[in-house]
Number of protein chains: 2
Amino acid sequence: MLSQSVEYALRAVCFLAERAPEPQTTGQIAKVTKVPPAYLSKILQQLGRSGIVRSQRGVNGGMALMKSSEELTILEVVNAVDPMQRIRECPLGLASHGVRLCPLHRRLDDAMAMVEHAFHATTLADILAEPSESIPLCNFPGPKAVKKR
Amino acid sequence: MLSQSVEYALRAVCFLAERAPEPQTTGQIAKVTKVPPAYLSKILQQLGRSGIVRSQRGVNGGMALMKSSEELTILEVVNAVDPMQRIRECPLGLASHGVRLCPLHRRLDDAMAMVEHAFHATTLADILAEPSESIPLCNFPGPKAVKKR
DNA sequence: GGAAAAGTGGATATTGACATCCACTATTGG
DNA sequence: CCAATAGTGGATGTCAATATCCACTTTTCC
């Protein structure tokens with residue numbers, strides 16, 4: 001239901017949030033998040049254009065978040081990469097009198113609205129604040145495990 | 001967020017529910033729902049294999065619902081054409097210890113669960129029972145408007 | 001039985017999402 | 001300055017979703 005690109009973007013942003021404010025190279029992110037490096041590079045560019053990450057070229061450069069994890073919502077990341085397409089008018093183009101949708105499309109759009117709201121209500125901090133899971137499953141090695149450089 | 005095929009399938013099923021139990025030809029459905037006829041044909045075949053519609057060849061044949069609109073949910077139609085893909089295990093393949101997802105994927109899957117639930121809770125009858133909208137927008141000409149044959 | 005109506009299945013475009021590659025530019029550290 | 005590091009942009013490849021076409025089968029009606 002979500003595109004692969006969104007999945008990749010969220011993985012990358014989670015990782016960056018965890019390591020913030022240190023920039024991480026595309027290669028590092030790709031390795032940890034298991035995303036194809038060349039493709040991840042494109043996605044990070046999109047996130048850059050949307051002001052979610054900034055890039056730093058050269059030695060010791062990489063990608064870093066532009067916002068604190070408290071301020072960055074899942075929705076922002078989703079919309080940067082693959083914007084949620086709400087149904088704003090009748091897809092059949094029938095008498096598009098302003099806002100009203102037929103019962104079918106009303107319900108479909110309601111479902112999307114629920115998702116949009118849930119994504120808007122969740123910040124990266126919310127996600128990082130859950131290290132409670134006993135099994136690390138899907139968790140990247142935490143900051144303590146990182147060798148300093 | 002939903003595929004084009006799902007959108008088409010739901011339009012077709014709505015129309016069939018409205019006209020039930022009279023079968024409607026693919027051509028008729030395509031015209032009213034503004035779906036490419038040849039493509040709609042494929043989608044109706046899928047709905048047939050899932051037991052949602054039955055087909056009748058020959059003169060006065062067509063497609064008809066196998067269930068009453070009270071018994072047919074949106075979710076069934078969606079799953080027949082483009083099954084909801086819940087996240088059942090870690091997409092990174094990390095230590096897929098049974099059920100637990102990381103916080104990120106847990107939330108993504110929760111969102112899908114919400115949608116799935118909403119779709120499961122809505123029947124075609126629920127949709128047809130809303131002719132209250134003053135402006136017909138997206139509504140097919142009602143049964144009364146149909147010429148008998 | 002034969003003609004018309006209607007669905008079926010297979011072959012074939014077309015398009016956009018996903019993915020890769022590479023030459024180029026910018027930055028840093030020595 | 002220069003060599004290594006790292007991101008950028010453009011060209012290209014691959015594949016599944018979307019869409020079309022057509023020969024064939026089934027069914028009905030006369």
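Convention: sequence-line order gives letters A, B, ...; per-chain numbering from 1.
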Proximity to the side chain of B:Gln56 - top-ranked nucleotide from D:dT27, C:dC21, D:dT8: D:dT27

Among C:dG29, C:dG7, D:dG7, which nucleotide sits nearest the side chain of A:Thr25?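 Looking only at side-chain atoms, A:Thr25 lies closest to D:dG7.
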
Determine whether B:Val32 and B:Leu10 fall in the same hydrophobic cluster, where Ile, Leu, Val, Met, Phe, Trp and Tyr are linked whenever their side-chain heavy atoms lie under 4.5 Å apart.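 Yes: a chain of side-chain contacts under 4.5 Å links B:Val32 to B:Leu10.
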
Check for me, please, whether A:Met114 and A:Met112 land in the same ILVMFWY cluster - side-chain distances under 4.5 Å, paths through other members count. no

Begin from the C-alpha positions of B:Met63 and B:Leu16 and carry the test side chain to side chain contact (heavy atoms under 4.5 Å, CB included) through to its verdict. CA-CA 8 Å; B:Met63 298 297 204; B:Leu16 288 178; 4.2 Å; yes

Figure out the [atom1]/[atom2] separation between [X] and [N], and round it to whole Å.
X       : N      : atom1 : atom2 : result
B:Gln46 : D:dA17 : CD    : P     : 10 Å
A:Gln45 : C:dT20 : CD    : P     : 15 Å
B:Lys34 : D:dA19 : NZ    : P     : 15 Å
A:Leu16 : D:dA6  : CG    : P     : 15 Å
B:Leu40 : D:dA17 : CG    : C1'   : 16 Å
A:Tyr39 : C:dC18 : OH    : P     : 4 Å
B:Arg54 : C:dA6  : CZ    : P     : 15 Å
B:Ile43 : C:dG9  : CD1   : P     : 16 Å

Reckon B:Gly62 touches a base, only the sugar-phosphate, or nothing at all at heavy-atom distances under 4.0 Å?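 Here B:Gly62 touches the backbone only, sparing every base.
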
How do A:Val59 and A:Ala38 order along DNA chain C: which one's closest nucleotide is nearer the 5' end?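 Of the two residues, A:Ala38 wins.
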
A:Leu44 or B:Lys42, whichever maps to the more 5' nucleotide of DNA chain D: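 Mapping each residue to its closest nucleotide by heavy atoms, the 5'-most match is A:Leu44.
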
Between [X] and [N], is there a contact of a side-chain N or O with OP1 or OP2 at under 4.0 Å?
X       : N      : value
B:Asn60 : D:dT27 : no
A:Thr26 : D:dG7  : yes
A:Ser55 : D:dA6  : no

Checking side chain to side chain contact (heavy atoms under 4.5 Å, CB included) against A:Ser5, which of A:Ile43, A:Val78, A:Asp82, A:Val35 comes through?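 Per the side chain to side chain contact (heavy atoms under 4.5 Å, CB included) rule, the option paired with A:Ser5 is A:Ile43, out of A:Ile43, A:Val78, A:Asp82, A:Val35.
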
Would you confirm whether A:Asn79, through its side chain, and A:Met84, through its main-chain N or O, come within 3.5 Å as a donor-acceptor pair? yes

Does A:Arg57 make a side-chain donor-acceptor contact with the base of C:dT25, cut-off 3.5 Å?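 Side chain to base: pair present.
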
Assess whether side chain to side chain contact (heavy atoms under 4.5 Å, CB included) is satisfied between A:Thr25 and A:Ile29, documenting all intermediate values. CA-CA 6 Å; A:Thr25 70; A:Ile29 305 171; over 6 Å; no

Those residues of residues 1-11 of chain B lying under 4.0 Å from DNA chain C by at least one heavy atom: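 Going residue by residue through residues 1-11 of chain B, none turns out to have a heavy atom under 4.0 Å of DNA chain C.
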
Close side-chain approach of B:Cys14 to B:Leu124, heavy-atom, < 4.5 Å: yes

